[in-house]
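Following: one structure in structure tokens, then a few remarks.
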Amino acid sequence: METESEPYVRLASLRQLHQVMAEMNTARSLADTLQTVADGVVEALGYEIACVNLVRGDGDLVVAAFSGNSAAESLITGRVGPRASWERRLSMGEAWGDLRFIPHTEGWVLDEDDVPQWYTDGPAPRFEDEWHPCDRLYAPMYAPGGQGGSCGELLGVLSVDRPRNGRHPGAWGREALQMYAFQAAIAISNARLRANMQRALVRLEREQQALRASEESFRQAFEYAPSGMAVAEMGGDQHGRILRTNDALCRLLGRPAAAMRRYSFSDLVHPEDISTLLRTSAEGGRAELRLGRRDGTYVWVSLRNSVVADAADGPRFLLTHVEDIEERKRRELQLAHRASHDSLTGLPNSAELRSRLSARICGRPTYADAIGSLDAAYGHPAQGADGHGFDFAEGPAAYDAFDHHVHVVAPEGDRDEGTKGLAVLFCDLDGFKSINDRFGHNAGDAVLIEVARRLSRGVRDGDTVARLGGDEFVILADGLGKADAQDLAVRLRGEIIQPIRAEGRAVRVGASFGIGWAHCGMTADEVLKSADERMYVEKRSRPKQHRRAG
């Protein structure tokens, strides 16, 4: 990256630096911004470890974000270094512009001070510009508007350890780190203004002092509750921001308490459950949703919010109780699946088939209903060329507007003129009873399982294959014309008649298909009966010896 003869490497580094700077300014919260700053030093600037030390309201610096070493992160994240000790460090060593480099020849005096630190072990350097394990490099971050240490408020300090190339950064590396610290200060300042986290924490602490006696009893119940508990901010830009958690909640989500304070519940909830959370957290309530663990998985919880006023006219907070319901949810899903699916084949059962079919068809409004709705809308008969002002001769689309439901229609006539409909294929196996009689029910079950698999494999995603009962199956396939449905039946029959291994032998069954068409105005039973009748017509139309392929 430092070599003048490799401009392409430098351009690539600039692009990467620009990308991480952009990511800093698009982070959703102060916690995300701090972590993005630390990650960017490791990913874009080529250091093995990066630490963001953030100035608190009392002037001391807290380790707010860490990147590059998970063991070190768990040890020092959240620890505080006194401001005086930091000022001592920033006055030592060599000034590289706004950067401060403390070589190992001077840094040994800092080994026992009270600033949290971590650096990698390694051998002593072999040449002059090689990085020593005890070298320290700091990049102060000043509030926008100031230059250097003389102007502008100190927001924090970036501390880095060991460049990946093992050498002291050259002119370009120093300039890049200084530029990055300047941009990081802007991003942190903007995030802090948006979040106003420090003011909220100070306000909370002030109110807690007035209620110390009652707070102690609450603290005991909160900390040692067997289920998860959290206190979150209510209202304003920081609504839902987690201020405090107990051990049970930290264990449930696999996150330390220091990390939990970086988030709100909206940061942790499953994306599909955001609307549920918003409905619950507005003024308190209860909901069942999924929260994210640190390992990336989600756990089902029952989340109950209660609104708590911290004083008579003071701020209000959400006291959140979080109960693990993962096992109950799993049992509910299993029970629901068993209730709606066939236990042998795993296909939707008869009840589920009728439910899905009924959801697609409705009691369609008649021509007279549509005319009456128009007359009522106008307050008088809507006269027109046809006596009503609308040409219903053009087809059903003219009065679909009276119903938000998308009506299901069936192809009409013998020719397929492009009309697509909801095809219902009724399938009955031929020769199945003889397999049960000759080889037993285990063989029959194996045949049914394999037929179910072949049918499922032969249809499109979104189509339904269900077991109606016995050796009868039904396929719901939407958006098909008559020729499409006939082709599907032929193809599925060809799949079924292939030999099936059952109880150590090859057996064969045939299949008869009846194709019915669902349309609004029919019931699910009427649709199934129509397809069943057509299946028997098709079965009787073929010679018995041709109903199965051996």
Given Thr320 and Asn305, is the side-chain hydrogen bond (donor to acceptor under 3.5 Å, both in side chains) satisfied, shown in steps?
CA-CA 5 Å; Thr320 304; Asn305 286 323; 2.6 Å; yes
Should Arg262 and Asp267 count as an ion pair when the cut-off is N to O under 4.0 Å?
no
Could you list all the salt bridge (Lys or Arg N to Asp or Glu O under 4.0 Å) pairs where at least one residue sits in residues 513-536, not counting sequence neighbours?
Arg354-Asp525
Go through the structure and list residues passing ring pair (Phe, Tyr, Trp, His ring centres under 6.0 Å) with His519, not counting sequence neighbours.
none
Heavy-atom count around Arg491 CZ within 6.0 Å, excluding the residue itself: above 12?
yes
Interatomic distance, CG@Leu476 vs CZ@Arg356, rounded to 0.5 Å, equals 8.0 Å
Do Arg330 and Glu327 meet the salt-bridge criterion of a basic N to acidic O distance under 4.0 Å?
yes
Could you give all pairs that pass the salt bridge (Lys or Arg N to Asp or Glu O under 4.0 Å) test and reach residues 297-308, with sequence neighbours left out?
none
Sidechain N-carboxylate O distance under 4.0 Å for Arg244, Glu223:
yes
Rounded to the nearest 0.5 Å, what separation is found between the CG atom of Leu468 and the CG atom of Asn349?
9.5 Å
Can you list the residues that meet the ring pair (Phe, Tyr, Trp, His ring centres under 6.0 Å) rule with Tyr298, with sequence neighbours excluded?
His270
Applying side chain to side chain contact (heavy atoms under 4.5 Å, CB included), name anything that partners Lys433, two or more places apart in sequence or on another chain.
Asp437
Does Glu326 use its side chain to pair, donor to acceptor, with the backbone of Trp300 at less than 3.5 Å?
yes
Please confirm whether the backbone N or O of Phe66 pairs with a side-chain atom of Gln35, one donor and one acceptor, at under 3.5 Å?
yes
Taking NZ, NE, NH1 and NH2 as the nitrogens, is one of them in Glu272 or Arg290 under 4.0 Å from a carboxylate oxygen of the other?
yes
Between the side chain of Arg255 and the main-chain N/O of Leu249, is any donor-acceptor distance below 3.5 Å?
no
Sorted by chain and number, sequence neighbours left out, side chain to side chain contact (heavy atoms under 4.5 Å, CB included) with Leu344 holds for Asp342, Asp445, Leu448, Ile449, Arg467
Measure the spacing between CG of Leu455 and CZ of Arg457 and express it to the nearest 0.5 Å.
9.5 Å
